[in-house]
Amino acid sequence: MFIQPLLCGAAMTSRFLAAALLAVFSVPVLAQVSILAPQKPAPMEDLVPVAIDTSVGRIVVALDQGRAPVTTANFLHYVDTHRFDGQNFYRAMHLEGGGGLIQGGITTDARKLFDPIAHEPTTQTGLHNVTGAISMANAGPGTARADFFILLSDMAGLDANGPGGDANGFAAFGHVTEGMDVVTKIYESPVSATKGEGPMKGQMLDPTIKILRAERLK
């Protein structure tokens, strides 16, 4: 069994919550929305559509290989080798006042993980951690592997140099084009009152939501 199922292990728990997510709570959601610069749409030829079929429905994401080539290639590596198939969405984080995120990835077998990838900060890509964005979890630059999250609200604190965050943030690399109702359904699924470590206690889905298959649509 994979003995580090949450994000990227204990170090991930510390950074993802203490250094970034908890900082978001100090910035009202409406304030976060207003400070984000407009995100330019990507040329259609730069977007790679991927379907994530779950036990509660399909989510389609468009991955921006033009602006986030390293992160996109990494995610597609997992998709094309079917390493997400049979894995789970396992976390739903709810912000006070609404919004938050859902998180999934490889939690059953560490042998399915590829090497960590270079970090592509939002200051480099021009992408943002906004509603519907898909981003990579990490324990610091150069540690992201397979775990990813989808946002249900704008969270500027997760961007590089975002309010209350740090200079690195989390790499956004695409957005949901279909199935935000499914994202919401996962977000609203039951969580355990006891599972999870530290601030993540109470955020673990129980039961988890199965990822049946992830595949390119073109």
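Start at 1 with the first residue, then count along the sequence.
- The side-chain hydrogen bond (donor to acceptor under 3.5 Å, both in side chains) search around Glu215 returns Arg213, not counting sequence neighbours.
- Side-chain N or O atoms of Asn129 include none that pairs as donor or acceptor with a backbone N or O of Ala156 at under 3.5 Å.
- Across Val176 and Glu178, no two heavy atoms sit closer than the pair CG1-O, 3.3 Å.
- Of the possible polar contacts, none joining the Ser135 side chain to the Phe149 backbone as a donor-acceptor pair under 3.5 Å is found.
- Other residues sharing a hydrophobic cluster with Val60 under the 4.5 Å side-chain heavy-atom criterion for ILVMFWY residues are Leu217.
- Nearest heavy-atom pair, Ala92 versus Leu205, reported as atom, atom and distance to 0.1 Å: CB-CD2, 3.8 Å.
- Residue pairs meeting the side chain to side chain donor-acceptor pair (under 3.5 Å) criterion with at least one partner in residues 41-55, sequence neighbours excluded, are Asp53-Arg58.
- Residues forming a side-chain contact (heavy atoms from CB on, under 4.5 Å) with Tyr78 (at least two apart in sequence, or on another chain): Asn74, Arg83, Phe84, Ile106, Leu113, Phe114, Arg145, Ala146.
- Considering CG of Asp85 and NZ of Lys112, their distance stands at 8.0 Å, rounded to 0.5 Å.
- Residue pairs meeting the ring pair (Phe, Tyr, Trp, His ring centres under 6.0 Å) criterion with at least one member in residues 193-218, sequence neighbours excluded, do not occur.
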Q) Checking side-chain contact (heavy atoms from CB on, under 4.5 Å) for the pair Asn161/Thr123: CA distance, chi angles, key distance, verdict? A) CA-CA 8 Å; Asn161 295 321; Thr123 47; 3.9 Å; yes

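- Note on residues 60-77: pairs passing salt bridge (Lys or Arg N to Asp or Glu O under 4.0 Å), not counting sequence neighbours, are Asp64-Arg67.
- Side-chain atoms of Asp159 do not come within 3.5 Å of backbone N or O of His128 as any donor-acceptor pair.
- Listed by chain and number, the residues in a side-chain contact (heavy atoms from CB on, under 4.5 Å) with Lys195 are Ser192, Met204, Asp206 (sequence neighbours excluded).
- Taken to the nearest 0.5 Å, the CG atom of Leu152 stands 8.5 Å off from the CD atom of Glu188.
- Listed for the Gln203 side chain is no donor-acceptor partner under 3.5 Å among the backbone atoms of Arg91.
- Among all heavy-atom pairs drawn from Met180 and Thr131, the shortest one is CE-CG2, 4.4 Å.
- Evaluated for a side-chain contact (heavy atoms from CB on, under 4.5 Å) with Val50, the options Val61, Asp80, Thr177 yield exactly one hit, Val61.
- Listed here is the closest heavy atom pair of Pro49 and Leu47: CD-O, 3.6 Å.
- Cluster partners of Leu212: none. The rule joins Ile, Leu, Val, Met, Phe, Trp and Tyr whenever side-chain heavy atoms lie under 4.5 Å apart, and it links nothing here.
- Sorted by first then second residue, the salt bridge (Lys or Arg N to Asp or Glu O under 4.0 Å) pairs that include residues 132-142, not counting sequence neighbours, number zero.
- Not a single donor-acceptor pair under 3.5 Å links the side chain of His119 to the backbone N or O of Gly140.
- Note on Ile117: it does not cluster hydrophobically with Val79, by side-chain heavy-atom contacts below 4.5 Å among ILVMFWY residues.
- Every side-chain contact (heavy atoms from CB on, under 4.5 Å) that Thr72 has, sequence neighbours left out, goes to Leu63, Gln65, Ala68, Leu76, Phe173.
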Q) Can Leu151 and Leu101 be said to form a side-chain contact (heavy atoms from CB on, under 4.5 Å), step by step? A) CA-CA 4 Å; Leu151 296 176; Leu101 59 83; 3.8 Å; yes

Q.
side-chain contact (heavy atoms from CB on, under 4.5 Å), that's the test. Do Asp147 and Tyr90 meet it? Break it down for me.
A. CA-CA 10 Å; Asp147 283 31; Tyr90 57 83; 2.4 Å; yes

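- A donor-acceptor contact under 3.5 angstrom links the side chains of Glu120 and Thr71, judged on distance only.
- Sorted by first and then second residue, the ring pair (Phe, Tyr, Trp, His ring centres under 6.0 Å) pairs involving residues 179-218 (not counting sequence neighbours) are His94-Tyr187.
- Partners of Thr208 under the side-chain hydrogen bond (donor to acceptor under 3.5 Å, both in side chains) rule, at least two apart in sequence or in another chain, are Asn88.
- Cluster annotation: Val70 is not connected to Phe75 through the hydrophobic network of ILVMFWY side chains, with a link wherever side-chain heavy atoms come within less than 4.5 Å.
- In terms of heavy-atom proximity, Ile209 sits nearest to Ser189 at CD1-OG, 3.9 Å.
- For the pair Ser153/Met155, a side-chain contact is recorded, criterion being any heavy-atom separation below 4.5 Å from C-beta on.
- Put simply, Val48 and Leu127 are part of two different groups of oily side chains (I, L, V, M, F, W, Y) that touch within less than 4.5 Å, one to the next.
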Q: For Leu95 and Met93, run side-chain contact (heavy atoms from CB on, under 4.5 Å): C-alpha distance rounded to whole Å, both residues' side-chain angles, the deciding distance at 0.1 Å, then the answer.
A: CA-CA 7 Å; Leu95 291 174; Met93 192 202 74; 3.6 Å; yes

